[in-house]
Amino acid sequence: MTKHEIADVLNEIALLLELKGENPFKIRAYQSGARVIESLEQPELERLLAANELLTVKGIGEALAKKIAELHTTGKLEFLEKLRATIAPGLVELLQIPGVGPKKIKVLHEQLGVVDIASLAAACADGRVAALAGFGAKTQEKIVAGIKNREAYGRRHLWWEAWQVAQPIVAGLRALPQVKRAEAAGSLRRGLETVGDLDFIVSATEIEPVVSWFVGLSDVQEVTARGETKTSVRFVTGLQADLRLVPDEQFIFALHHFTGSKDHNVQMRQRALARGLTLSEWGLEPVTAATSESSASPSSSLTAAAGAGEAAAPRARRPKRAGAPADAASGDPARGSVATEADLFARLGLHFIPPELREGMGEIEAAEHGELPTLVDLPDLRGTFHCHTTASDGRNTLAEMATAAASAGWEYLGIADHSKSSFQANGLTEQRLLEQVEAIRVFNASGRCRTHVFAGTECDILPDGRLDFDEALLRKLDYVVASVHSTFALDEAAMTARIIRAIEHPCTTMLGHLTGRLLLRRDGYRVDAGKIIDAAIAHGVIIEINAAPKRLDMDWRHWRKATARGLLTSINPDAHETAELAYVRAGINTARKGWLTKAQVFNTRSLAEVKAAFLARRRAG
DNA sequence: GCCGTTTTCGGCCCGACTGTTTTCAGTCG
């Protein structure tokens with residue numbers, strides 16, 4: 001069983017336990033177990049299982065280790081079979097409805113016999129839901145709307161599309177006279193490949209004008225929440241956005257809180273607690289009787305609670321708000337000196353952690369030891385490869401693409417049109433490719449454009465692993481991107497062997513989109529990424545980060561380990577028109593999330609260095 | 001269910017918003 005399958009099982013157990021109303025900490029243990037398994041490489045997992053050392057992994061205890069071993073050897077898990085049998089299968093999908101959680105599902109199931117979305121809709125239709133204790137007309141109304149819209153609401157959005165929406169909103173917020181600072185936070189700021197909703201963090205002198213502007217945005221379809229510090233809207237596209245208003249002295253805490261992943265935030269808070277501090281979106285404060293009272297068991301700090309109870313009850317949990325007197329910054333050393341996120345990290349003994357790394361995947365330990373890399377950034381790029389022209393399925397000519405690259409300030413641009421087997425993309429025949437190579441030589445010689453153009457191909461990897469052009473022709477090119485575009489249905493072993501054969505070809509410079517996935521639309525073909533990475537390293541082949549927002553392939557989760565072993569990447573936009581050259585911005589997200597430095601990205605090299613590398617490779621081949 | 005230079009038992013991150021209540025539970029992030 002693969003690590004993904006094992007993780008899926010653990011997550012399913014967590015979901016089912018949630019529906020049963022189990023101890024939330026037990027549920028969390030299964031979820032974190034799933035994440036830990038995902039973060040291991042398959043061979044490492046195999047080794048741990050074989051050596052019976054799963055218990056050495058943090059987050060895996062006796063119970064999980066036993067279940068994982070059972071899954072691995074038998075492919076099944078008795079515990080899960082039994083658990084499934086106790087829960088109506090249709091109840092799981094009810095969790096997709098906003099505002100409906102495990103507790104409500106339990107009541108709906110036990111009192112109304114609801115077993116799936118259809119029976120819930122029926123119960124709403126005749127008013128039985130509104131009549132339940134703890135429910136009401138509004139709840140029923142929300143459930144009806146949630147059922148109706150669950151497809152649009154549940155959808156995630158490509159990072160690039162969310163970014164297009166968010167940028168003008170941030171600019172608009174900053175332009176308001178009441179606004180002091182405004183940022184987009186959330187998974188968007190972390191550069192995640194898909195985004196669930198948008199989070200805007202704003203500090204302002206006045207609340208009302210900012211909220212009014214926000215809910216008045218032209219694409220707002222519905223205002224779903226409007227409170228003192230949080231306002232939520234739903235756009236016509238189904239994308240949801242939260243606006244959070246905080247006093248300026250708390251801006252950094254809110255920004256950090258709403259940027260980090262759940263795991264990152266939990267780890268940061270635990271770190272704060274270990275230092276006698278409590279961290280929240282409101283600030284960083286010493287742990288006091290009042291703050292510990294809310295979470296401590298009733299038996300603890302009885303004397304302190306008696307004293308703090310009457311006066312502090314409302315204030316302790318809700319420390320400061322927008323518009324409240326700004327007594328927070330004055331005189332409190334735990335908060336007063338935090339003016340930037342770097343200050344916040346420093347307060348906890350950490351180097352600054354870039355937003356892209358805040359996933360709770362080892363960044364805090366690295367920041368503690370000063371071992372965070374200096375991440376590659378957009379200005380480091382000096383050119384790119386894997387771009388198409390009208391010769392195959394692009395929409396701009398060679399000259400137009402080169403001119404656009406020059407406008408971006410790039411020293412070079414690699415053209416890689418499709419090869420002949422990609423009929424659907426108007427792939428080039430041998431003859432047309434030779435004509436294109438000649439056209440590129442002429443173009444470079446003309447001096448029309450200060451950006452040098454490299455002649456390449458995006459050469460199909462045929463089903464048996466051969467390349468679509470013969471070696472003699474490929475040797476006439478500057479470089480070759482080898483990609484799979486057909487026969488996706490091979491099993492993992494066959495697909496892996498196919499790609500490795502292409503990597504072993506002496507003319508292959510780069511491997512295109514490793515898995516062929518289309519985000520939110522189709523999974524990639526199954527490959528053993530570890531084996532392919534090893535082969536690429538052994539043969540000096542680059543694996544691209546295909547920066548097309550719908551691909552972002554190879555996935556960022558592989559890169560940290562891959563580059564530690566010596567893999568090189570190139571951030572390639574797979575541009576089919578001039579505007580799409582900007583996709584490298586999305587590829588930079590992937591690279592940064594993969595902890596990559598400038599040195600690990602081939603297209604940060606100068607024109608002379610790239611020419612030399614291509615020349616050396618041809619000689620070696 | 002996991003974990004431990006204060007613990008092998010008793011903790012486990014923190015707070016906002018809504019809807020339903022009349023002080024709080026459930027949900028969400």
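Please read all numbers here as calculations on a predicted model, not as lab measurements. Below, chains carry the letters A, B, ... as their sequence lines are ordered, and counting in each starts from 1.
For A:Phe25, the side-chain atoms get nearest to B:dC12 when compared with the rest of B:dC12, B:dC17, B:dC2. Side-chain proximity of A:Leu64 to the nucleotides B:dG1, B:dG15, B:dC17 is greatest for B:dG1. Proximity note for A:Arg28 (side chain, C-beta onward) versus B:dG1, B:dC12, B:dT18: the nearest is B:dC12. Looking at the side chain of A:Ser280, the nearest of the listed nucleotides B:dC12, B:dG1, B:dC14 is B:dC14.
A close approach under 4.0 Å does not occur between any side-chain nitrogen or oxygen of A:Thr229 and OP1 or OP2 of B:dG15.
Here the P atom of nucleotide B:dC2 and the NZ atom of A:Lys66 are 12 Å apart, to the nearest Å. In this structure, A:Ile13 atom CD1 and B:dC2 atom P are separated by 11 Å, rounded to whole Å. One atom, CG of A:Leu54, and another, C1' of B:dG1, lie 14 Å apart when rounded to the nearest Å. Look at CG on A:Leu243: it is 14 Å from C1' on B:dA16, rounded to the nearest Å. In this structure, the CD1 atom of A:Ile207 is 14 Å from the C1' atom of B:dA16, given to the nearest Å. Rounded to an integer number of Å, the gap from CZ of A:Arg271 to C1' of B:dC14 is 19 Å. Rounded to whole Å, atom P of B:dG15 lies 15 Å from atom NE2 of A:His256. Atom CD in A:Gln31 sits about 14 Å away from atom P in B:dC2, given to the nearest Å.
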Begin with the C-alpha distance, continue with both residues' side-chain angles, and end with the deciding distance and a verdict on side-chain hydrogen bond (donor to acceptor under 3.5 Å, both in side chains) for A:Arg244 and A:Thr229. CA-CA 5 Å; A:Arg244 296 175 190 274; A:Thr229 63; 5.8 Å; no
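For residues 137-146 of chain A, no pair satisfies side chain to side chain donor-acceptor pair (under 3.5 Å), with sequence neighbours left out.
Summarising the geometry, atom CG belonging to A:Leu344 is positioned 9.0 Å from atom CG belonging to A:Leu350; distances are rounded to the nearest 0.5 Å.
Distance check on atom C1': B:dT6 versus B:dG11 gives 13 Å, rounded to whole Å. Going from the P atom of B:dT22 to that of B:dC14 covers 30 Å, rounded to whole Å. Annotation: B:dC17 and B:dT23 have their C1' atoms spaced 16 Å apart (nearest Å). Distance noted for atom C1' between B:dT21 and B:dA25: 10 Å (whole Å). Comparing the C1' positions of B:dC24 and B:dT20 gives an interatomic distance of 9 Å, to the nearest angstrom. Between B:dC2 and B:dT8, the distance separating the two C1' atoms is 12 Å to the nearest Å. B:dG10 and B:dG15 are spaced 24 Å apart, taking the C1' atom of each and rounding to whole Å.
For the residue pair A:His257 / A:His264, no side-chain donor-acceptor distance below 3.5 Å is found, with atom types taken as modelled. Remark: the A:Glu46 side chain and the A:His72 side chain contain an N/O donor-acceptor pair separated by less than 3.5 Å. Side-chain contact, A:Thr224 with A:Arg234: no donor N or O sits under 3.5 Å from an acceptor N or O.
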Protein within reach of the bases, or only the backbone? For nucleotides 23-29 of chain B, mark each nucleotide 5' to 3' as B, S or -, using heavy atoms under 4.0 Å. ---SSS-
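Stem analysis of DNA chain B (at least three stacked-register Watson-Crick or G-U pairs, each with both distances under 3.5 Å) gives B:1-4 with B:9-12, B:14-19 with B:24-29.
Checked for salt-bridge contact, A:Lys82 and A:Glu78 meet the test: a charged N lies under 4.0 Å from a carboxylate O. Ion pairing between a basic and an acidic side chain is recognised when a charged N comes within 4.0 Å of a carboxylate O; A:Lys20 and A:Glu110 show no such pairing. Between A:Arg174 and A:Glu183 there is a salt bridge, since a side-chain N of the basic residue sits under 4.0 Å from a carboxylate O of the acidic one. Between A:Arg551 and A:Glu193, no side-chain nitrogen of the basic residue sits less than 4.0 Å from a carboxylate oxygen of the acidic one, so the salt-bridge criterion is not met. Contact check on A:Glu365 versus A:Arg271 returns no salt bridge, with no Lys/Arg side-chain nitrogen under 4.0 Å from an Asp/Glu carboxylate oxygen.
Contact annotation for A:Glu62: backbone-only contact, meaning every heavy-atom pair under 4.0 Å involves sugar-phosphate atoms and none involves a base. At the heavy-atom level, A:Lys67 lies under 4.0 Å from the strands shown only through sugar-phosphate atoms. Using a 4.0 Å heavy-atom cutoff across all strands shown, A:Ile27 reaches no nucleic acid atom at all.
The residue among A:Leu273 and A:Ala225 whose nearest nucleotide of DNA chain B lies closer to the 5′ end is A:Leu273. Heavy-atom nearest nucleotides on DNA chain B were determined for A:Lys142 and for A:Leu279, and the one closer to the 5' end corresponds to A:Leu279.
Residues passing the side-chain contact (heavy atoms from CB on, under 4.5 Å) test with A:Ser218: none are found, sequence neighbours excluded. In this structure A:Val266 satisfies the side-chain contact (heavy atoms from CB on, under 4.5 Å) test together with A:Gln270, sequence neighbours excluded.
Relative to the six-membered ring of A:Trp163, A:Arg585 meets both conditions, a distance below 6.0 Å and an angle of at most 45° to the axis.
A heavy atom closer than 4.0 Å to some atom of DNA chain B occurs in A:Gly134, A:Phe135, A:Gly136, A:Ala137, A:Lys138, A:Thr139, these being the qualifying members of residues 119-141 of chain A.
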